[in-house]
Amino acid sequence: QVQLVESGGGLVQAGDSLRLSCTASGRAVSVYAMGWFRQAPGKEREFVSAVSRNGGNTYYADSVQGRFTISRDNKNTVFLQMNSLKPEDTAVYYCAAGPYLDRRSLAYNYWGQGTQVTVSS
């Protein structure tokens with residue numbers, strides 16, 4: 001089994017930066033592609049970014065392209081560097097692990113509990 005725990009969320013002002021971390025336990029997370037998703041109140045879970053299992057390929061939602069950067073250490077941690085945050089980035093952010101890099105949440109097998117990111121204007 002794989003357990004994922006996110007950290008690094010918080011309350012910031014527009015234009016600020018945050019770095020989210022997702023730490024895995026159990027099976028080595030390097031076996032998996034990793035994704036970040038977010039969910040705002042009353043909305044569906046939304047793809048944010050994903051990285052392949054070897055870190056060689058990354059993908060971003062249009063809404064975060066140029067502002068967010070995903071990376072991994074190929075051990076047990078994946079990161080999401082979030083710059084130039086906007087109020088519309090406010091959401092609970094979840095990390096996920098799956099066999100393939102995918103923009104669909106249904107493709108991922110394991111999920112963390114989420115970490116809250118709140119961006120004030």
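The structure displayed is predicted, hence computed values, not measured ones. The figures that follow rest on heavy atoms only: side chains count, while hydrogens, waters and symmetry mates do not.
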If we count only N and O atoms by modelled type, under 3.5 Å, do the side chains of Tyr32 and Arg53 hold a donor and an acceptor together? no
Between [X] and [Y], is there a shared hydrophobic cluster once you connect ILVMFWY residues whose side-chain heavy atoms come closer than 4.5 Å?
| X | Y | value |
| --- | --- | --- |
| Met34 | Val31 | yes |
| Leu18 | Val92 | no |
| Tyr59 | Leu20 | no |
| Val48 | Tyr94 | no |

[atom1]-[atom2] distance between [X] and [Y], expressed to the nearest 0.5 angstrom:
| X | Y | atom1 | atom2 | result |
| --- | --- | --- | --- | --- |
| Leu85 | Phe68 | CG | CZ | 5.0 Å |
| Asn109 | Gln1 | CG | CD | 13.0 Å |
| Leu4 | Thr23 | CG | OG1 | 9.0 Å |
| Cys22 | Trp111 | SG | CH2 | 10.5 Å |
| Arg45 | Ser105 | CZ | OG | 6.5 Å |
| Phe79 | Ser49 | CZ | OG | 14.0 Å |

Is there a donor-acceptor pair under 3.5 Å between the side chain of [X] and the backbone N or O of [Y]?
| X | Y | result |
| --- | --- | --- |
| Asp73 | Asn76 | yes |
| Tyr108 | Asp102 | yes |
| Thr115 | Tyr93 | no |

Name the orientation class of the two ring planes belonging to Phe37 and Phe47 (parallel below 30°, tilted from 30 to 60°, perpendicular beyond 60°).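 The arrangement is perpendicular - the two ring planes meet at more than 60°.
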Shortest non-hydrogen contact between [X] and [Y], atoms and distance:
| X | Y | value |
| --- | --- | --- |
| Asn54 | Ser52 | OD1-OG, 2.9 Å |
| Ser84 | Ser17 | N-OG, 4.2 Å |
| Ala14 | Pro87 | CB-CD, 4.1 Å |
| Glu6 | Cys95 | OE2-N, 2.8 Å |
| Ile70 | Tyr60 | N-OH, 2.9 Å |
| Leu101 | Ala50 | CG-CB, 3.9 Å |

Within the 4.5 Å heavy-atom criterion, are [X] and [Y] side-chain neighbours or not?
| X | Y | result |
| --- | --- | --- |
| Val64 | Arg38 | yes |
| Gln113 | Val5 | yes |
| Glu88 | Val119 | no |
| Leu80 | Val78 | no |

Step-by-step side chain to side chain contact (heavy atoms under 4.5 Å, CB included) determination, Arg67 to Asp89: CA-CA 11 Å; Arg67 299 188 297 120; Asp89 295 318; 2.8 Å; yes
